[in-house]
Amino acid sequence: MRKTRLLAIGGLFAALLAVFSQISVPLPFSPVPLSLGVLAVFLIGGLLPPRLALGSVLAYLAMGVVGIPVFAGFLAGPGRLLGPTGGYLVAYPLMALLVSWGQTRQKTVGFFSLAGWMVLSLGACYLLGTLWMMVYTGQGAWAVLGMAVFPFLPLDLCKALAGAALCLRLRRSLPSLTIAR
């Protein structure tokens, strides 16, 4: 029964990521859209234990690779992971794992520590995404940072703050939602 519950919760969070990814705005100067996918990854990492958080985001990526249109803009296929935004998508599992794992290392998890782990995971996402986009486009670091990191940084930091607040609120309101770590 416990395994079935874990699979169901992991699937629900993968679906949440798919829905949040569709709330996106394409930008004329960047192949990376503004999306709430990062917020969903923060919630997954903030509410699930490490293995389940990782599995949930990997399930999302697998759905997209096999052709289910879960990526921003209702896109799908392996080309999304090999395209300009592939590095950011591939970083999602690492982000969820970092946020979740970071909490297991602390006796109590407060707003600032949770937001800090989310910001750290965002740095990992930016690093992997920027490196991949540099390879994909052949452009230098400053050009890629200018189109795929700097414009997103203020909103992504707000997503980290909102994600931390939402996670703490959901833990209090719906204690059965959060899996024991």
Side-chain angles (χ1 to χ4, degrees), residues 7-48 50-100 114-115 117-133 136-137 144 147-167 169-170 177-178:
L7 283 173
I9 290 172
L12 286 172
F13 276 93
L16 175 83
L17 178 51
V19 169
F20 274 39
S21 293
Q22 301 317 314
I23 304 169
S24 66
V25 177
L27 299 175
F29 59 86
S30 176
V32 181
L34 283 173
S35 162
L36 289 184
V38 168
L39 177 60
V41 173
F42 289 154
L43 294 174
I44 291 168
L47 294 171
L48 301 179
R51 285 180 47 195
L52 189 55
L54 178 64
S56 183
V57 179
L58 288 174
Y60 161 80
L61 291 177
M63 287 188 295
V65 167
V66 299
I68 301 171
V70 296
F71 300 138
F74 292 100
L75 297 172
R80 301 279 46 153
L81 297 183
L82 300 173
T85 60
Y88 300 103
L89 290 170
V90 169
Y92 278 8
L94 176 62
M95 291 174 68
L97 188 62
L98 270 173
V99 172
S100 184
L114 184 53
W117 282 106
M118 290 178 179
V119 170
L120 180 67
S121 76
L122 186 60
C125 180
Y126 284 160
L127 178 65
L128 289 174
T130 300
L131 291 174
W132 176 249
M133 192 176 289
Y136 182 84
T137 65
V144 171
M147 77 170 135
V149 174
F150 296 146
F152 297 86
L153 192 56
L155 186 57
D156 284 345
L157 292 174
C158 289
K159 290 176 201 174
L161 297 175
L166 276 169
C167 285
R169 177 70 181 212
L170 285 170
L177 173 70
T178 304

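Just the heavy atoms: all of them, side chains too, but no hydrogens, waters or symmetry mates, feed the values below.
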- Main-chain N/O of Ser35 paired to Lys159 side chain as donor or acceptor, under 3.5 Å: yes

- Task: Of all the heavy-atom pairs spanning Pro33 and Ser24, show the shortest one and how long it is.
- Result: CB-CB, 4.3 Å

- Task: With sequence neighbours left out, write down each residue that passes ring pair (Phe, Tyr, Trp, His ring centres under 6.0 Å) with Trp132, or none if nothing qualifies.
- Result: none

- Task: Can you see which heavy atom on Val41 is nearest to which on Ala96, and at what distance?
- Result: CG1-N, 3.7 Å

- Query: Going from CG on Leu43 to CE on Met118, what distance comes out if it is rounded to the nearest 0.5 angstrom?
  - Reply: 6.5 Å

- Task: Please name the pair of heavy atoms, one in Gln22 and one in Pro69, separated by the smallest distance, quoted to 0.1 Å.
- Result: NE2-O, 3.7 Å

- Between Leu114 and Val99, is any pair of side-chain heavy atoms under 4.5 Å apart? yes

- Separation of Leu170 CG from Leu47 CG (nearest 0.5 Å): 5.5 Å

- Query: Taking the side chain from Ser100 and the backbone from Leu48, do they hold a donor-acceptor pair closer than 3.5 Å?
  - Reply: yes

- Note on the structure: The ring pair (Phe, Tyr, Trp, His ring centres under 6.0 Å) partners of Tyr60 (sequence neighbours excluded) come to Phe71

- Could you list the residues that satisfy ring pair (Phe, Tyr, Trp, His ring centres under 6.0 Å) with Phe152, not counting sequence neighbours? none

- Residues Met147 and Pro31: closest non-hydrogen pair is SD-CD, 3.9 Å

- For Leu153, enumerate each residue passing the side-chain contact (heavy atoms from CB on, under 4.5 Å) test, keeping only those at least two apart in sequence or located in another chain. Tyr126, Leu157

- Do Tyr92 and Leu58 come within less than 4.5 Å of each other through their side chains, counting heavy atoms only? no

- Query: Of all residues at least two apart in sequence or in a different chain, which pass the side-chain contact (heavy atoms from CB on, under 4.5 Å) check with Pro26?
  - Reply: none

- Taking all atoms of both residues into account, what is the closest heavy-atom pair of Ala148 and Val32, and its distance? CB-CG2, 4.0 Å

- Note on the structure: Separation between CE (Met95) and CG (Leu97), nearest 0.5 Å, reads 12.0 Å

- Should Tyr88 and Val149 be marked as a side-chain contact (heavy atoms from CB on, under 4.5 Å) after you check the CA-CA gap, both sets of side-chain angles, and the distance that decides it? CA-CA 11 Å; Tyr88 300 103; Val149 174; 4.1 Å; yes

- Pairwise distance CG(Leu122) to CG(Leu127) - rounded to 0.5 angstrom: 11.5 Å

- Message: Looking at every non-hydrogen atom in both residues, tell me the closest pair between Val57 and Pro93 and how far apart they are.
- Response: CG1-N, 3.4 Å

- Task: List for me each residue that meets side-chain contact (heavy atoms from CB on, under 4.5 Å) alongside Leu7, sequence neighbours excluded, and say none if there are none.
- Result: none

- Query: Looking at SG of Cys125 and CG of Leu120, how far apart are the two atoms once the value is rounded to the nearest 0.5 Å?
  - Reply: 12.0 Å

- Message: If the test is side-chain contact (heavy atoms from CB on, under 4.5 Å), which one of Leu34, Leu39, Leu36 qualifies with Ile23?
- Response: Leu36

- Query: Hey, does the side chain of Ser21 reach the backbone of Gly37 with a donor-acceptor pair shorter than 3.5 angstrom?
  - Reply: no

- Indicate yes or no: at least one non-hydrogen side-chain atom of Leu52 is less than 4.5 angstrom from one of Phe13. no

- Query: Would you call Leu94 and Ser121 a side-chain contact if the rule is heavy atoms closer than 4.5 Å?
  - Reply: no

